[in-house]
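Report on the structure given below.
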Protein chains: 2
Amino acid sequence: MPWEKSFDESEVIDKAMHVFWQKGYMATSISDLTAATGIQRGSLYNAFSGKQELFLRSLQKYDREQRCVLLKRLEAIDDPLKAISVLFDAIVQQSMEDPQKKGCFLINTSLTLSEHDDEAQALVSTALKEFTQFFARQIKLGQQREQIPVTVPVRATARALFALVVGIRVMGRGGFDKPALHQVAKQALRLVS
Amino acid sequence: MPWEKSFDESEVIDKAMHVFWQKGYMATSISDLTAATGIQRGSLYNAFSGKQELFLRSLQKYDREQRCVLLKRLEAIDDPLKAISVLFDAIVQQSMEDPQKKGCFLINTSLTLSEHDDEAQALVSTALKEFTQFFARQIKLGQQREQIPVTVPVRATARALFALVVGIRVMGRGGFDKPALHQVAKQALRLVS
DNA sequence: CCGTGTTTTGACCTATCGGTCCAATCAATC
DNA sequence: GATTGATTGGACCGATAGGTCAAAACACGG
């Protein structure tokens, strides 16, 4: 009886994600989304409740596929100092290899978000917090293995490292070039030694 | 013959600035601006060429009254370590005492800006660069006075300190509280010792 | 190959956007 | 107080925003 959708919902979200990521929520119109995804207005509203939901799903997808994947990859390294170092290199790399200089979708969103989008707000909030918890875990582990001095305060340093990540991602969108970002990344390691 | 304007142009820009600062360029409508400034649509367009110019003027005013004033105040301290420390305290203070959590107008704008606003882009770019140059000057001065080890790389550390400033301002808009930001500020000083 | 019920399409809706326009309004000059 | 000419208020403009809807297109079970 029914009929299968002619498009892959996940692909649509992926296309929408890149538009939202580049232009932000407000600057992205429904027309932008239909143009980018190839599906028509009505179909889009048939599959999703509206712009908001599509944005939230995009944000979730980014969080799942970018942040979670990255952190899991780093956690597998099982060498705290190396993991932190690789993380910063990866961030610098990601920041510079993107010709559109989109930066980090989550961080961009945290600055753009109006206070009415409770769900998105919550998503961003927990995402950023889990990021600092990653740092905290690595530092603690490093201290257990005596790679990192026990004089290094765990939570404070974790937060500072996270602040540096945020700084790098924001600077990567402005006029700062790769050597500049790399210098910042190098300084991050001084906080854990 | 003619007739004096009934409003103070500078006051209008100040009111507009706070709206743009809080909501961003795109999310601010002309109606928002007329409501906030009290003057009517026609008068606004009579005094300014449009939304763009008003935004640029707002950004200039912020740059002049916030960033420049702050940096000048710090420069007068004539004690590099103290100046840096006071700067970070001030940033944390500013971030938390604002109930609206607006953050830094310049940093917000650097993430929101579309690539067509050349003038605003340039303003933000030089503002951010002068900020890192401030750090560089302080570090160099601190080394001359033997307050800061000469092993500290000037430019790299200056950029890292700036990245921390950006991080703090962004984190201040999200769920992070005052103790958290203060811990980050404390870590900044470890980079210059 | 015919119903069935979902998907698709694109025209259409209202609200609001940034911006224009001009008659009414006023302060200064005569 | 009449004249002057910029300022003001707010109706108005086309464009576009996000969102709706009904008819056409379609894949399946019978």
Side-chain angles (χ1 to χ4, degrees), chain A residues 1-59 109 112-121, chain B residues 1-59 109 112-121:
Chain A
M1 337 131 43
W3 182 20
E4 305 250 315
K5 279 194 181 68
S6 75
F7 59 86
D8 180 6
E9 195 170 89
S10 170
E11 279 181 20
V12 167
I13 293 179
D14 191 75
K15 301 255 184 65
M17 181 187 82
H18 280 88
V19 181
F20 280 129
W21 187 0
Q22 191 187 356
K23 311 180 62 161
Y25 179 79
M26 286 250 49
T28 301
S29 68
I30 302 292
S31 300
D32 290 332
L33 295 171
T34 58
T37 59
I39 69 177
Q40 298 284 22
R41 225 181 177 72
S43 301
L44 204 155
Y45 276 92
N46 182 243
F48 309 96
S49 71
K51 195 182 171 185
Q52 298 237 58
E53 190 200 333
L54 198 45
F55 179 76
L56 186 61
R57 302 279 296 270
S58 298
L59 208 55
T109 299
T112 304
L113 224 47
S114 78
E115 50 279 342
H116 308 304
D117 311 339
D118 290 339
E119 293 187 286
Q121 196 82 270
Chain B
M1 352 141 16
W3 182 20
E4 304 254 315
K5 279 194 181 69
S6 75
F7 59 86
D8 179 7
E9 190 168 291
S10 171
E11 279 181 20
V12 168
I13 294 180
D14 192 75
K15 302 255 183 64
M17 183 187 81
H18 280 88
V19 182
F20 280 129
W21 187 359
Q22 191 186 358
K23 310 181 62 162
Y25 180 79
M26 286 249 51
T28 301
S29 69
I30 302 293
S31 301
D32 290 331
L33 294 172
T34 58
T37 59
I39 69 177
Q40 297 283 30
R41 228 182 176 69
S43 303
L44 204 154
Y45 276 92
N46 184 37
F48 309 95
S49 71
K51 195 181 172 186
Q52 298 238 60
E53 189 200 335
L54 198 45
F55 179 76
L56 185 61
R57 301 278 296 269
S58 298
L59 208 54
T109 299
T112 305
L113 223 47
S114 79
E115 49 280 342
H116 309 304
D117 311 339
D118 290 339
E119 293 187 285
Q121 197 81 271

| said: From CG of B:Asp8 over to P of D:dT8, roughly how many Å is that when rounded to an integer? | reply: 12 Å
| query | For the residue pair B:Tyr25 and B:Phe20, does the interplanar ring angle fall in the parallel (under 30°), tilted (30 to 60°) or perpendicular (over 60°) class? | reply | parallel
| query | Please give, in whole Å, the distance from D:dT16 C1' to A:Met26 CE? | reply | 13 Å
| request: Find the distance between NE2 (A:His18) and OG1 (A:Thr28) and round it off to the nearest 0.5 Å. | output: 13.0 Å
| remark: By nearest-heavy-atom nucleotide on DNA chain D, the more 5' of A:Ser31 and B:Gly38 is B:Gly38
| query | Between B:Tyr25 (OH) and C:dC17 (C1'), how many Å, whole number? | reply | 11 Å
| Does a side chain donor of either B:Ser43 or B:Asn46 reach within less than 3.5 Å of an acceptor in the other side chain? | no
| So, for A:Leu54 and A:Ala16, which heavy atoms are closest and what is the spacing to 0.1 Å? | CG-CB, 4.0 Å
| task | Note down the inter-axis angle between the two ends of the helix from C:dC1-D:dG30 to C:dC30-D:dG1, five pairs each, to the nearest 10°. | result | 10°
| message | Nearest whole Å is fine: how far is C:dC17 P from B:Leu33 CG? | response | 11 Å
| request: Have a look at A:Ser43 and say if it touches a base, only the backbone sugar-phosphate, or nothing, with a 4.0 Å heavy-atom cut-off. | output: base
| query | OH of B:Tyr45 versus P of D:dG10: gap in Å, rounded? | reply | 17 Å
| If you take atom types as modelled and just measure distance, does the side chain of B:Arg41 reach the base of D:dG9 with a donor-acceptor pair under 3.5 Å? | no
| query | Under 4.0 Å between a side-chain N or O of A:Gln40 and OP1 or OP2 of C:dT8? | reply | no
| message | Considering every strand and a 4.0 Å limit on heavy-atom distances, what is the contact class for B:Thr28: base, sugar-phosphate, or nothing? | response | sugar-phosphate
| query | Starting at CG of B:Asp32 and ending at P of C:dT16, how long is that distance when rounded to a whole Å? | reply | 12 Å
| said: Nearest to the B:Asn46 side chain among D:dT8, D:dG18, C:dT7, which nucleotide is it? | reply: D:dT8
| request: Round to a whole Å and report the spacing from CD1 of A:Ile30 to C1' of C:dC13. | output: 15 Å
| request: For B:Ile39 and D:dT7, give me the distance from atom CD1 to atom P, rounded to whole Å. | output: 12 Å
